Amino acid sequence: MTTTAPPQTETWKGQSIRRTEDRRLLQGQGEFTDDVWMHRQGYAHFVRSPLGHARIRSIDTSRAARLEGVYAILTGDEVREMCPTPFFQIAPEPGGRIAEYPLAVDKVRYHGDAVAVVLAETRELARDAAGLVDVDYEPLPAVVDTVAAADPEAPLLHEQVGSNVVWKGDFDWGDVDWALENADHVVKIDRLHFHRFSSTPLECNAAVVHWDPGTDTVKVQSNNQMPMFASMVIGPTLGVASNRLTFSSQDIGGAFGIKIGSYPQIAALALLSRKAGRPAKWTEYRTDHMLSAGHGNERVFLDTEVAVLKDGTILGFKTRAFDDAGAYLHYEPLGAVIWSQVCCGCYKLRHIHVDYTETVTNKCPTIPNRGYSRLQHLWFLERVVDVVARELGFDPVALRKQNYVQPSDYPYETPNGCVYDSGDLPRSLDMALELIDAPKWRERQRELGRGSGKRIGIGIGSTLDSGTNNFGQARIINPNLPFSGNGEAAFVKLDLYGEINVNLGTTPQGQGHETTAAQVVADVLGTSPDAVHVTAGFNQQQNTYVAFSGTYASQFAVTGLGAAQGAAERLRAEIAEVAAFALQAPIDEIEIRDGNCFVRDDPERAIPFIGVANLIYSNNAVLTPELRERISLNCRYVYTPPFQVPDPETKTGNLTLTYASQIHACVVELDEHTGEVKILDYAALDDCGTRINPQLVEGQVHGATALGIGAALYEAFEYDESGLLQQASFYDYHAITALDTPDIKVGDIESPSPFTPNGAKGMGEGGGAPLHAVCSAIQDALSPDDAIVSDSHNPWERVWRLMRSGEHGEPRGVTVASRSDAAGSDATA
Amino acid sequence: MLLESVEYARPDTVEQALTLLSQREGAAPLAGGQSLVNVLKHRVASVELLVDISRIDELRRIEARSDGGLEIGACVTYDELDGSDAVRASHPLLADVAGHIEDQQIRDRGTIGGNCCLSDPTNNLPPLLVALDATMNIRSRSGGVRQVAAEDFFHGYFSTAVGEGELLCSITVPPLPSPGGAGYSTVSLGADSKALARAAALVRGNGVIEDARVVLACFSAAPMRHHGMEAALRGAPATAEAVAAAAAGIGDGLDPPGDVHASTDYRRALAPVVARRAVCQAIGNGGDERG
């Protein structure tokens, strides 16, 4: 790769240099988990439940075991014997009583639940053998709806919990009762439903796990994206100390949060490897992935009431939220607090009451999926704002701008103590509307007469991508959890011949960490990114990690690059010290540039990096003992954000460090005859603070936009009453492709974060803006007497029904109660 | 194995293929493999011997007939149909439909014969071939060629007029009526996903519709002509209004399946829409336009 040097006054930060990792990824030279090969390895295949809920009467492995080349078979009963304890649960009682093992024990609780795993000589043989494992099931009634699951009469998933309600909490900030009493209008929305879908990584889950009997260590090479969390969960269950359990990965073919959830399988593979005395290699089939890798959270909001003044000020709302965690709690119930990072969304709502219930159901466990838990809530808020505008006759643009947090409000403290760092939401909205030329489409919308068979709608999605979690928020879920803060580690080293090497604690999945880390380190060390080698992937044995390490929750630009910058600054100081010694000059006169150290005003006195490295690595007798002892040129730095511990009682605190904003604007055309939705224009306005590499930001905006459009129109995981997944392959789950993705106009604002080392904010999840914008646009295209858009998933038939709901006199799903003196106000004009 | 263990043969001639197919029970022809291999992977059906016919030269030809029609070998791929000058010249709609099946990788391998013989009710080509009044040329080991009208060829999923030991070798597509034209309309969720409702149409006439064939797909196990709508079109002016009138209510008498993507009610409502659009395209009035 060649890059040209920036002018002296500029930095590499902020430039769209090409991605370093693309050369190997685009030439088929990446190393993914399935590329890993170990001597004597066997191939694993899981036996999965064909039923939604059933008791396991018996498992007969004899037919499978007789196949030549089958090394070992493991079942739930055996796993229970091998494990000192089930998986650690984040939930307090009663949800914390769930006893989950690496394989299902006694019962299966969802279609795809793993009951056994086979290790065999070839991938194909393992699959064949898995097909010969005979499981005798006694079917049980299933529950697949979260609200129904909360009913005490519903079929119970985990008997020891005593209920399907695994977590319940009351989030009450401000004074909602006061707001509703003093509002001029109260808008009541019966039910809003955020549906279940997932991301579609090109690479499914994979792992090669070796329980090495010689060293009694467990080596995990996988594409898990949050390896230290996996380590903390499975270590005690395997009875393996964390210094004997090591994770590594190089290239990961997309993860989106879903790959946080592969730890149960990794644990099962460790036990299988132990039993067989061989490394166990597993690459998930797509159908297995769709059945069991993890889905995004489904959420229902009931009986929402919104308090609005006649001038359009929205005071606040109350609602009853039901979240569907699926059959086991994987990372859940953290989602039950993570939404509150954005409790008021982009708006200055001060009175909020959410009665939050999380249940298990006979469905695939949920796992964080791009926009995790916030996008559900942000979608809800955007529906609320659009419904308020429509019911009370406000312009949805003006209503948003009026209620947005204003540029002068930053840093803005939300009712629950979160601090929005910076931004300019009104200008972002103006810019997004300019990009689509909104007035043109309004005109087109008016021109379209009845009988044209088409309707046009313009929609807005205002959203936040909160990044860099304060893990102290886990205490709001369970006050006994000893978690708080966040952090990431990096090493920056001057190597033997003066080369610069960077190790990261992150698990990049396409975000370009090698490129952006090189840009940041190059700026600190006064060199070009070409001169900085960033080690590809994650390797626990490099010691570059803390418990929060990984790539998730929109934080790399802050935590990962913060760590790289801190380590580079330490290295720079060490280099300067060695140079000052070598050049016999005061350290504050040392300048570092282009791989050389100079004495300011006397550039003839210089020592190159290779000379500095030589003194430390292989020529140290010339140094003073003090320098020899202290300088290593191998600098570790752990970036930690300035967090405090939140208050579990009031459920308040600063839960995330940064708030990137995305304002999307969308124009749709609905076909009255078929309900088809065509996107005519689309704009995404992104503000993620200082951008380290604008083109990489734009790429992630594109990806998040496509995912959201796919979710809004095409992608859903739905179960029948018995708990069978209806979309378990690409025949039925239409993952969005380039053919379905409109041209996306991208604009940007940079509002630097005052709280981060580089002004950047985490981004990439995108806050689900397309779901909000597409639903908003469909709503805009409907007639006033039609029902409101109450579902986040709007395939053609649902849209077709919405367009007929008014003339069929169906319930609209919304009512308004206004004070008598509010009638005739501007609001109802 | 990904597939169950299966024998494989690749004959050079149709005669050899027919011999293999008739000698062995559990033998099945493999053309592009875009559906059969998936069926085998999911173990919905099992086959003992795969007879790979995809490289038999005589099955891979496209012939422009002197009458303006086409004779298309069963193993001609979608991409070859799309790129064929002969097909583009006489039946551009057939080329367009083939050129929009799924994605390029599938179009490189999937074949016209395979698309027909799988006879999935959501497949693209069966309703079009019924509308075009194509003839399916089936050969057996005895050397005889059995000609079956496309309309009688499709019996349901995996079920066609091709019997044991027989092979669909080519498809004869008659010339388009002159004056006249063909049309095709689909509602699907996403650009390259399964159809929810589909119609194909062939119309003879100019200004006035002299004759019409209207074929619906996704409404039953096999493509079905809608004789009621055809009768209503005969003699009607070739206008969008007249076509709409003929299409109105045609869904009422249908009993389409309901599934997770489209309910029975919704499919019924789509029937007149796709039928109207296909006929409008055939009469050059409205074409792909919605409305």
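Note that the structure is a prediction, hence the values are computed from the model and not measured. Throughout, a chain's letter reflects where its sequence line sits, starting with A, and its residues are numbered from 1. When reading the values below, keep in mind they use all heavy atoms of this one structure, side chains included, and skip hydrogens, waters and symmetry mates.
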Steps toward salt bridge (Lys or Arg N to Asp or Glu O under 4.0 Å) verdict (A:R804, B:D265): CA-CA 13 Å; A:R804 280 151 185 74; B:D265 278 354; over 6 Å; no
Could you look at [X] and say if it's the side chain, the backbone, both or neither that has a heavy atom under 4.5 Å from chain B?
{"X": "A:F730", "answer": "neither"}
{"X": "A:E718", "answer": "side chain"}
{"X": "A:L713", "answer": "backbone"}

Just how far is it from atom [atom1] of [X] to atom [atom2] of [Y], taken to the nearest 0.5 Å?
{"X": "B:E102", "Y": "A:L739", "atom1": "CD", "atom2": "CG", "answer": "10.0 Å"}
{"X": "B:H261", "Y": "A:Q727", "atom1": "NE2", "atom2": "CD", "answer": "6.0 Å"}
{"X": "B:S193", "Y": "A:D732", "atom1": "OG", "atom2": "CG", "answer": "10.0 Å"}
{"X": "A:R127", "Y": "B:K41", "atom1": "CZ", "atom2": "NZ", "answer": "7.5 Å"}

Toward chain A, the part of B:L189 with a non-hydrogen atom under 4.5 Å: both
Side chain to side chain contact (heavy atoms under 4.5 Å, CB included) assessment of A:W796 paired with B:L270: CA-CA 11 Å; A:W796 312 156; B:L270 292 180; over 6 Å; no
Are more than 12 heavy atoms, taken from residues, nucleotides or ligands other than [X], located less than 6.0 Å from that residue's [atom1] atom?
{"X": "B:Q104", "atom1": "CD", "value": "yes"}
{"X": "A:H193", "atom1": "NE2", "value": "yes"}
{"X": "B:R109", "atom1": "CZ", "value": "no"}
{"X": "B:E25", "atom1": "CD", "value": "no"}
{"X": "A:E807", "atom1": "CD", "value": "yes"}

Short side-chain to backbone donor-acceptor contact, A:W800 and B:Y266, under 3.5 Å: no
Side-chain donor/acceptor of A:D740 to backbone N/O of B:G190, under 3.5 Å: no
B:S263 versus A:R801, side-chain donor and acceptor atoms under 3.5 Å: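 On atom types as modelled, these side chains qualify, holding a pair under 3.5 Å.
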Min side-chain heavy-atom separation B:R277-A:T674 under 4.5 Å: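 SC-SC contact between B:R277 and A:T674 confirmed.
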